[in-house]
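Throughout, residue positions are numbered sequentially from 1 according to the sequence presented. No hydrogens, no waters, no symmetry mates; every other heavy atom, side chains included, goes into these values.
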Amino acid sequence: MFMITFLREFQSWYWDCDFDEAELQAAFEATNVATTHDEFQRAFLVLLRSDDIAARGTALDFFDRAVATSRFGEANPFEPFLEEVLATAREMLRRPPRPGDDIAFEGADHASALLALKNDAGPEDAEAVLAVLRRRPDGDLLFNALGTAGTVLWNSDTPEARLVALIGEMAFDRSLDIDDRREALGALRNAPGDEVTELLVRATGEDDSLFQQEAAWALSIGRRFYAHRDLLERLNASWTEEERRGPGTEVRWAFEPGPHSTYWAGAELDSPRLRRAHGEMRAPTSERAHRAAFRTMLHSGRVVAVGIAFDHFCDTDGLIRFGMDTEVFHADLRAVARHVLTQPPSSEQTAPESGAGADHASALDVLAQLAEPADAELLATVLRRRDAPPLVRERALRAAQDFLDRWDMPDDRVVAALEEIIFDPSADMDDRELAVIALFDVPGPGVTAVLVRAARSSVLPIQVEGALGLAKDHLIDAHRDLISDLVASWPSGDDEPDRAWLVHHRLERS
């Protein structure tokens, strides 16, 4: 397990962890030998809740290390204490920076606090970050402050003008190292506002190629791309391959065509007008042209074109690739998707690579995002179509899961249709398992009854999924004995069911 290994090897980013207080030293040493999340948590909380600044800074460093390690797919053992971590970090930033000594450099407490905030900072943290940057720090403290500033600005509907101005001042301060200037410019990358845009455009005129690339990357994100496409095109053409770095590569990517579609590769659009519209959707020349192309495809009445329009709406690299607000299309998308699902599914020849039912798959993906409670009957009908192509059944099950996650109360018709699939011995096993999974975290006694029935099934894969559904936070206490009995009955070793380990994990953690 990466998490335990990495945390045991970790000491601190900034602190010489040699504590005078026995309890703190014992907690720190416990992190070198801990073997479970519970053991790490106990040691972590002793450090975090201490009055010792170095101990609290060390705890915040451990939190950051765990966040970084969680990218490998393991849970951060300190995540349950996120609010306490953020409160501690904010309290540390309200104090003057700790003087430097043989334990840590000056401001190490602020460096640790900023690291802990960097992923969750919001507008309320602007003042604290501004105070740090006004001291014109260097090294890790500067790096962490700018990183957290970027998060503050990204999460602000209206960015703090003083923070934007100070970062802009740093970005254009030629007395600073160029790497620090680029770092400052990068803090503006996802910040909204005309003032930020002006700074980014100005930065594209600087001599340093990497500075230009950092600014251009920011201008290629979201709706700024539409407004500055011509400038970006000129800049992109001006950099040699030797000059181009990561930000320049991102700019080049912005000019590359977006996805063809999800289900329609190999399908033919039957008119030049639709082919031009598809090309515009993949590589838009302006926001107006992008919107017009999407409308052309959506309202064309052609199966392939409509399906591609659906797919572009659902794909994060499609219609919203450059930050377009798509709400104006929602009513039309719902209406067209509903109509498509009342028609026979498209043939295998229409979408050679996806097979039969590609139009229904595309429509279901739209309704997965946009369906209203009134669509429950339509979804239940689609789920009950035993002759539906495999692709359609799979997308219907995924849509059902999204429906139930989004609605406050589950619709009995959808739950009943899922229950029929779960206990239909003629249905594909993957579909039966997906039907159980669609009920996870869905409230209501009717849903719980289906999960209990699944857990008591004689079909082992269904039994495992039912147990996993009952092991969710809101159900595990009431069904612990049943789940424990099931786990004890399952084969072990190489014969253990695929997802049984998740049930074991839930029992151990709760």
Side-chain angles (χ1 to χ4, degrees), residues 259-271 273-275 277-278 281 293-315 318-319 326 328-404 406-407 411 413-414 416-418 420-421 424 426-428 431 434-435 438:
H260 178 284
S261 61
T262 306
Y263 304 113
W264 300 93
E268 293 292 332
L269 290 165
D270 60 4
S271 79
R273 179 169 177 259
L274 292 177
R275 290 193 287 272
H278 187 210
M281 285 169 56
F294 180 76
R295 289 192 186 93
T296 296
M297 298 282 279
L298 180 64
H299 296 292
S300 66
R302 300 288 198 272
V303 171
V304 175
V306 171
I308 290 173
F310 286 162
D311 291 356
H312 271 249
F313 169 75
C314 296
D315 195 324
L319 193 60
T326 63
V328 68
F329 299 122
H330 288 184
D332 285 354
L333 281 160
R334 267 192 296 266
V336 178
R338 289 164 178 162
H339 172 73
V340 167
L341 289 171
T342 65
Q343 306 302 305
S346 57
S347 67
E348 184 174 355
Q349 292 72 30
T350 307
E353 295 192 16
S354 296
D359 59 340
H360 283 200
S362 294
L364 285 163
D365 286 357
V366 168
L367 289 185
Q369 295 189 34
L370 300 181
E372 298 172 331
D375 294 303
E377 182 62 41
L378 176 59
L379 177 61
T381 299
V382 174
L383 287 168
R384 288 192 169 103
R385 290 174 182 162
R386 294 297 181 261
D387 60 345
L391 174 64
V392 175
R393 175 63 66 84
E394 189 260 335
R395 298 321 299 171
L397 288 164
R398 301 286 185 188
Q401 184 175 10
D402 289 342
F403 281 21
L404 295 173
R406 198 167 63 248
W407 295 341
D411 189 283
R413 293 165 293 183
V414 175
L418 291 169
E420 290 172 20
I421 295 170
D424 179 359
S426 68
D428 184 88
D431 290 343
L434 277 178

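- To the nearest 0.5 angstrom, Glu372 atom CD is 10.0 Å from Phe403 atom CZ.
- Asp270 places none of its side-chain heavy atoms less than 4.5 Å from the side chain of Val304.
- Side chain of Arg406 to main chain of Ala371: a donor-acceptor pair is present (N/O by atom type, distance under 3.5 Å, no hydrogens or angles).
- Between Leu404 and Leu418, the closest side-chain pair of non-hydrogen atoms falls below 4.5 Å.
- With values rounded to the nearest 0.5 angstrom, Arg393 atom CZ is found 7.5 Å from Leu383 atom CG.
- Although no hydrogens or angles enter the test, the distance criterion places a donor-acceptor pair under 3.5 Å between the side chain of His278 and the main chain of His260.
- Ser362 and Trp264 are linked by a side-chain donor-acceptor pair at a separation below 3.5 angstrom, with hydrogens and angles left out of the test.
- The minimum heavy-atom distance linking Ala416 with Arg384 is given by the pair CB-NH2, 3.7 Å.
- Take Asp375 and apply the side-chain hydrogen bond (donor to acceptor under 3.5 Å, both in side chains) test, not counting sequence neighbours, and it matches Arg338.
- Considering only heavy atoms from C-beta on, Arg386 comes within 4.5 Å of Asp424 through its side chain.
- Closest of all the heavy-atom pairs between Pro352 and Ala265 is CD-O, 4.4 Å.
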List the steps, then state whether side-chain contact (heavy atoms from CB on, under 4.5 Å) holds for Leu274 with Ser300. CA-CA 8 Å; Leu274 292 177; Ser300 66; 3.8 Å; yes
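- Between Leu379 and Leu367 there is no side-chain heavy-atom pair separated by less than 4.5 Å.
- In this structure a side-chain-to-backbone donor-acceptor pair under 3.5 Å is missing from Ser354 to Ala351.
- Across all their heavy atoms, Leu364 and Ala399 have their closest contact at O-CB, 3.8 Å.
- A distance of 6.0 Å or more separates the ring centres of Phe310 and His360.
- Using a 4.0 Å cut-off between charged side-chain N and carboxylate O, Asp332 and Arg295 make no salt bridge.
- Considering only heavy atoms from C-beta on, Leu397 comes within 4.5 Å of Ile421 through its side chain.
- For the pair Val336/Val366, no side-chain contact is recorded, criterion being any heavy-atom separation below 4.5 Å from C-beta on.
- Contact annotation: the side chain of Pro390 never approaches that of Asp428 to less than 4.5 Å [non-hydrogen atoms, C-beta and beyond].
- The distance between the ring centers of Phe329 and Phe313 does not fall below 6.0 angstrom.
- In terms of modelled atom types and a separation under 3.5 Å, the side chain of Arg302 and the main chain of His299 share no donor-acceptor contact.
- The backbone N or O of Pro259 sits less than 3.5 Å from a side-chain atom of His312, completing a donor-acceptor pair.
- Residues Val340 and Ala363 approach most closely at CG1-CB, 4.0 Å, considering heavy atoms.
- Salt-bridge check for Asp387 with Arg385: failed, with every basic side-chain N at 4.0 Å or more from each acidic carboxylate O.
- Side-chain contact check for Tyr263 and Asp359: no donor-acceptor pair (N or O, by modelled atom type) lies under 3.5 Å.
- Using modelled atom types, no side-chain atom of Asp311 and backbone atom of Ser261 make a donor-acceptor pair closer than 3.5 Å.
- The two residues Leu298 and Val306 come nearest to each other via the heavy atoms O-CG2, 3.5 Å.
- Minimum interatomic distance between Ala309 and Met281 (heavy atoms only, all atoms of both residues): CA-CE, 4.2 Å.
- In this structure, Arg395 and Asp365 have side chains that are in contact, with non-hydrogen atoms separated by less than 4.5 Å.
- By the neighbour-count criterion of 12 heavy atoms within 6.0 Å, atom CZ of Arg275 is densely surrounded, having more than that number from other residues, nucleotides or ligands.
- Rounding to the nearest 0.5 Å places CD of Gln401 at 7.5 Å from CG of Leu434.
- No donor-acceptor pair closer than 3.5 Å links the side chain of Thr350 to the backbone N or O of Ser346.
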